[in-house]
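Worksheet: one structure, shown below.
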Amino acid sequence: MTNDASGFSQLNEEEQLFRMRHSAAHILAEAMLEKFPDAKYAIGPPVDDGFYYDFELPRSLTPDDLVELQKRMTQSVRANLPIHGEQIDKDAAREIFSDQPYKLELIDEIEDSTVGHFSHGEFEDLCRGGHTETTGQVGAFKLDRIAGAYWRGDENNTMLQRVYGLLFSTEEELAEYEELREQARLNDHRRLGRELDLFSTQEDYGPGLIYWHPKGARLRVEIEDTWKQAHDEGGYDLVFTPHIGRSTLWETSGHLDFFTEGMFSAMDVDGDDYYLKPMNCPFHIQIFKNDLRSYRELPMRLAELGTVYRYERSGVLHGMLRVRGFTQDDAHIICTPEQLDSEVDGVVRFVLDLLGLFNFENISATLSTRPEKAVGDSSQWDRAERALREAIERADLAYDVEDGGGAFYGPKIDFHLTDALGRRWQCSTVQFDFNLPERFDMSYVGDDGEPHRPFMVHRALFGSIERFVGILIEHYGGAFPMWLAPVQVAIIPIADRHLEHANRIGTELKAQGIRFNVDAAKERMGNKIRRAQLQKIPYMLVVGDREAEADAAAVRTRTGDDLGEIPVRELVDKFLAEIQSRS
RNA sequence: GCCACUGUAGCUCAGCGGUAGAGCAACGGUUUUGUAAACCGUCGGUCGUGGGUUCGAUUCCCACCGGUGGCUCCA
């Protein structure tokens with residue numbers, strides 16, 4: 001392998017960017033070694049928005065260090081040193097990196113007899129390659145932040161210091177990216193959650209637990225109502241199950257073996273151990289097992305907005321996106337082998353229909369197939385994987401395959417959606433389970449009069465309501481479409497004498513179930529408009545003398561459009577139509 | 001959990017070895033207002049908790065509890 005960068009300018013943009021980021025990582029390591037000659041350097045790959053490099057250093061880095069490192073890097077870039085690459089044999093590499101334990105470990109693991117060696121100036125690195133021709137070609141970069149990272153991501157290993165850098169081809173693109181990040185910061189659901197009074201967490205009384213305030217709860221109710229209606233129409237039966245269950249249930253399900261670290265510790269009830277549920281499945285299975293089931297009763301589709309509790313380590317908690325108590329929009333489909341294909345097909349279509357209501361840019365899927373260690377026989381796996389794959393293809397969905405990425409108990413499809421800021425999120429899952437039917441000895445009587453083991457599929461559309469709402473908040477930047485907006489209309493009387501007309505409009509809206517508030521504060525109209533804007537209320541109805549006279553309102557939208565004076569009757573129809581259309 | 005940073009009024013933040021300050025919000029008053037902030041005033045904090053150093057700690061040190069950004073997996 002050589003540094004095949006001779007045609008750098010002919011490469012496509014993506015490959016160029018990859019190489020620029022990769023080379024910048026080397027230049028960062030070079031700067032770090034200059035600053036700390038004793039530094040041990042580990043790995044430094046390109047990432048989505050730039051690059052990073054991991055180091056073991058004599059002391060913790062400070063933000064000031066980044067400034068200095070950036071300066072040193074700039075010098076190296078200005079020097080425009082050629083980057084050389086070659087293959088050398090392992091012994092030579094061990095010699096070069098004799099005081100670099102991480103490099104030595106990497107060399108040992110490489111299977112070839114030779115390894116890649118890249119250098120520029122005095123700097124040398126072990127590297128499989130993919131670089132710019134010179135250090136001057138790396139584009140616009142900025143050292144961004146310092147973070148801890150375990151060597152190879154394993155918490156049993158040393159904690160290294162990771163320096164992240166942003167890198168783009170041009171200064172403009174770098175600035176654009178930082179602007180996008182600033183936008184994301186403004187749209188952060190934790191910030192908007194507070195500003196719009198949607199939810200809170202009470203750190204003193206239990207981190208990772210969500211308190212839904214009235215406006216956030218309104219949002220949730222709208223989503224759940226839609227969900228329930230869709231499930232009624234989609235052939236599901238809604239159920240409710242307990243929040244705790246005796247240890248015997250979790251022994252049978254196997255959760256006490258393979259999911260204990262995710263469960264809260266037991267509570268004692270009359271000498272028995274009970275556990276808060278981390279999943280709903282064992283309960284739904286009990287409903288199935290409560291009777292002798294005939295094939296005529298299948299498919300059985302049991303759905304529940306089931307609140308589960310999982311222990312998450314303190315460091316990973318994050319607003320509504322990563323919590324310790326959340327509500328899954330869970331369902332379990334129990335069916336015969338013959339029904340498999342149409343059920344899977346139906347679920348995939350169902351997912352797409354429901355997600356379609358929320359204006360996400362695009363939805364893609366990942367199919368995860370059988371891993372090394374798996375339960376169930378391979379014909380079952382093949383059959384299930386085929387059903388999943390065909391369903392995705394019939395739905396004409398973009399997908400990729402993660403070979404061996406499935407859980408030990410079954411293959412699955414994960415759905416990813418892209419939000420308004422271009423970020424991808426995983427919400428929906430369709431997951432086969434060959435484990436629980438076995439463990440709980442589930443069966444139905446077939447038309448041959450014999451017992452048969454049913455297929456079982458877990459599925460969630462939103463995943464968790466908490467996470468989904470968190471994503472929605474960021475996706476819409478708090479400016480929810482009419483049907484979701486906690487307050488749909490702000491009525492703004494100009495002076496006290498217009499309050500009566502304002503209230504009269506309120507009465508009409510209320511009769512139609514439209515959510516509004518009348519801002520009767522002792523403030524000027526301008527300030528009331530500002531307050532409604534900041535609350536991102538879709539419509540503002542300004543009422544003064546003229547409007548009271550005409551039984552109308554002057555309508556302004558939160559986007560700043562002035563729709564002029566509209567009669568109240570007309571307004572109600574307009575609002576209802578917009579809510580109805582869910583646009 | 002681990003690494004780094006961080007915790008001052010409801011929010012955003014300043015301050016710093018001599019027991020605290022701004023803007024916004026809230027509350028009261030004056031103004032009765034025409035499309036993103038009228039004016040005046042008032043209230044509000046055992047400076048995250050506990051310990052230590054000191055004549056004296058919000059400030060320095062330690063521990064704990066949270067938060068933020070990362071690290072593995074996951075909704």
Side-chain angles (χ1 to χ4, degrees), chain A residues 52 54 56-57 59-63 65 144-164 185 188 190-191 194-195 197 200-208 259 261-262 278-279 306 308 310-330 407 414-415 425-429 431 458 460-471 490 492-499 521-535 540-547 554-558 560-565:
Chain A
Y52 69 79
D54 287 345
E56 186 182 328
L57 301 171
R59 66 166 173 83
S60 295
L61 291 171
T62 65
D65 292 328
D144 188 43
R145 59 201 193 277
I146 306 158
Y150 297 106
W151 166 237
R152 321 208 111 175
D154 183 337
E155 65 190 52
N156 297 312
N157 291 338
T158 326
M159 174 67 72
L160 303 173
Q161 295 189 67
R162 175 171 297 179
V163 177
Y164 279 97
R185 196 181 68 79
D188 189 307
R190 293 164 299 180
R191 177 194 179 97
R194 189 181 54 244
E195 287 173 357
D197 198 16
S200 64
T201 51
Q202 302 294 325
E203 273 80 30
D204 293 343
Y205 305 113
F259 204 70
E261 75 289 349
M279 294 185 191
V308 298
R310 295 185 189 174
Y311 172 73
E312 293 285 357
R313 300 196 284 183
S314 59
V316 305
L317 299 175
H318 181 89
M320 287 183 129
L321 301 182
R322 189 63 177 202
V323 294
R324 285 179 172 159
F326 58 96
T327 301
Q328 287 183 312
D329 65 321
D330 213 354
D414 293 318
F415 292 85
W425 301 91
Q426 191 212 309
C427 292
S428 317
T429 309
Q431 163 92 61
H458 308 260
L461 307 185
F462 303 138
S464 117
I465 303 282
E466 282 75 8
R467 167 179 285 184
F468 190 73
V469 169
I471 294 168
I492 298 173
I494 290 175
D496 288 351
R497 65 176 180 280
H498 307 123
L499 195 53
K522 293 187 340 179
E523 289 290 346
R524 295 185 179 208
M525 183 202 60
N527 192 25
K528 292 179 183 179
I529 286 173
R530 177 180 153 79
R531 299 202 299 191
Q533 284 288 153
L534 292 175
Q535 287 297 302
M540 283 152 260
L541 305 186
V542 176
V543 297
D545 291 331
R546 296 199 296 269
E547 291 78 15
V555 183
R556 176 196 164 98
T557 68
R558 67 182 159 203
D561 293 331
D562 183 355
L563 305 187
E565 194 178 292

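Naming: A, B, ... by sequence-line order, numbering from 1 per chain.
- Among the heavy atoms of the strands, none lies under 4.0 Å from Val308(A).
- Looking at residues two or more places apart in sequence or on another chain, you find a salt bridge (charged side-chain N to carboxylate O under 4.0 Å, His left out) between Asp414(A) and Lys412(A).
- For Arg530(A), there are no side-chain hydrogen bond (donor to acceptor under 3.5 Å, both in side chains) partners two or more places apart in sequence or in a different chain.
- For the C1' atom pair drawn from U6(B) and C13(B), the interatomic distance equals 14 Å after rounding to whole Å.
- Every side-chain hydrogen bond (donor to acceptor under 3.5 Å, both in side chains) that Arg497(A) has, sequence neighbours left out, goes to Asp545(A).
- In this structure, Asp154(A) atom CG and C73(B) atom C1' are separated by 12 Å, rounded to whole Å.
- In this structure a side-chain-to-backbone donor-acceptor pair under 3.5 Å is missing from Arg324(A) to Gly208(A).
- Of the two residues near RNA chain B, Arg152(A) and Glu312(A), the one whose nearest nucleotide lies more 5' is Arg152(A).
- At the heavy-atom level, Arg190(A) lies under 4.0 Å from the strands shown only through sugar-phosphate atoms.
- In this entry the distance linking CZ of Arg162(A) with C1' of U72(B) reads 11 Å, nearest Å.
- Using P as the reference atom, A9(B) and A22(B) are 14 Å apart when rounded to the nearest Å.
- In this structure, of G66(B), G1(B), A75(B), it is A75(B) that holds the atom nearest to the side chain of Gln426(A).
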Summarise how protein sits on nucleotides 2-7 of chain B as a single string, 5' to 3': B when a protein heavy atom is under 4.0 Å from the base, S for sugar-phosphate-only contact, - for no contact.
-> BBS---
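- Of the P atoms belonging to G29(B) and C43(B), the separation is 16 Å, rounded to the nearest Å.
- In this structure the side chain of Phe259(A) reaches within 4.5 angstrom of the side chain of Met279(A), judged on heavy atoms.
- The side-chain hydrogen bond (donor to acceptor under 3.5 Å, both in side chains) search around Gln161(A) returns none, not counting sequence neighbours.
- In this structure, Phe326(A) forms an aromatic stack with the base of A75(B), since both conditions hold: centre separation below 5.5 Å and plane angle below 30°.
- Annotation: side-chain contact (heavy atoms from CB on, under 4.5 Å) contacts of Asp154(A) (sequence neighbours excluded): Asn156(A), Asn157(A).
- Among residues two or more places apart in sequence or in another chain, the side-chain contact (heavy atoms from CB on, under 4.5 Å) test is passed with Arg191(A) by Arg185(A), Leu186(A), Asp188(A), Glu195(A).
- When the ring-ring contact (aromatic ring centres under 6.0 Å, His included) test is applied to Tyr150(A), no partner is found at least two apart in sequence or on another chain.
- Across C11(B) and G18(B), the matching C1' atoms stand 30 Å from one another, rounded to whole Å.
- Rounded to whole Å, atom P of G69(B) lies 19 Å from atom OH of Tyr52(A).
- Atom CD of Glu261(A) sits about 10.0 Å away from atom CD of Glu312(A), to the nearest 0.5 Å.
- Look at CG on Asp188(A): it is 12 Å from C1' on G69(B), rounded to the nearest Å.
- Scanning for salt bridge (charged side-chain N to carboxylate O under 4.0 Å, His left out) contacts around Asp54(A) gives Arg162(A), with sequence neighbours left out.
- In this entry the distance linking CD of Glu203(A) with C1' of U49(B) reads 15 Å, nearest Å.
- As judged by a 4.0 angstrom heavy-atom cut-off over every strand, Phe462(A) is placed among residues making no nucleic acid contact.
- If you check distances only, the side chain of Gln431(A) never reaches the base of A75(B) with a donor-acceptor pair under 3.5 Å.
- Between the P atoms of G28(B) and C61(B), the separation comes to 45 Å (whole Å).
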With Watson-Crick and G-U wobble geometry limited to distances under 3.5 Å, how should the secondary structure of RNA chain B be encoded in dot-bracket form, using | for bases paired to another strand and [ ] for crossing pairs?
-> (((((((..((((....[..)))).(((((.......))))).....(((((..]....))))))))))))....
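- Look at CZ on Arg313(A): it is 17 Å from P on A75(B), rounded to the nearest Å.
- Picking from U68(B), A75(B), C11(B) the nucleotide with the shortest atom distance to the side chain of Arg194(A) gives C11(B).
- Checked against side-chain hydrogen bond (donor to acceptor under 3.5 Å, both in side chains), Glu56(A) has the following partners two or more places apart in sequence or in another chain: Tyr102(A).
- Taking 4.5 Å as the limit, every side-chain heavy atom of Phe415(A) sits out of range of all side-chain heavy atoms of Gln426(A).
- For G17(B) and U12(B), the P atoms lie 26 Å apart once the distance is rounded to whole Å.
- A37(B) and G23(B): their C1' atoms are spaced 12 Å apart (whole Å).
- Nucleotides C2(B) and G21(B) are separated by 38 Å at their C1' atoms, to the nearest Å.
- Separating the CH2 atom of Trp151(A) from the C1' atom of C71(B) is a distance of 14 Å, rounded to the nearest angstrom.
- OP1 and OP2 of A75(B) both lie 4.0 Å or more from every side-chain N or O belonging to His458(A).
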Readout for nucleotides 29-42 of chain B: B = base within 4.0 Å of protein heavy atom, S = sugar-phosphate only, - = neither; 5' to 3' it is BBBBBBBBBB----
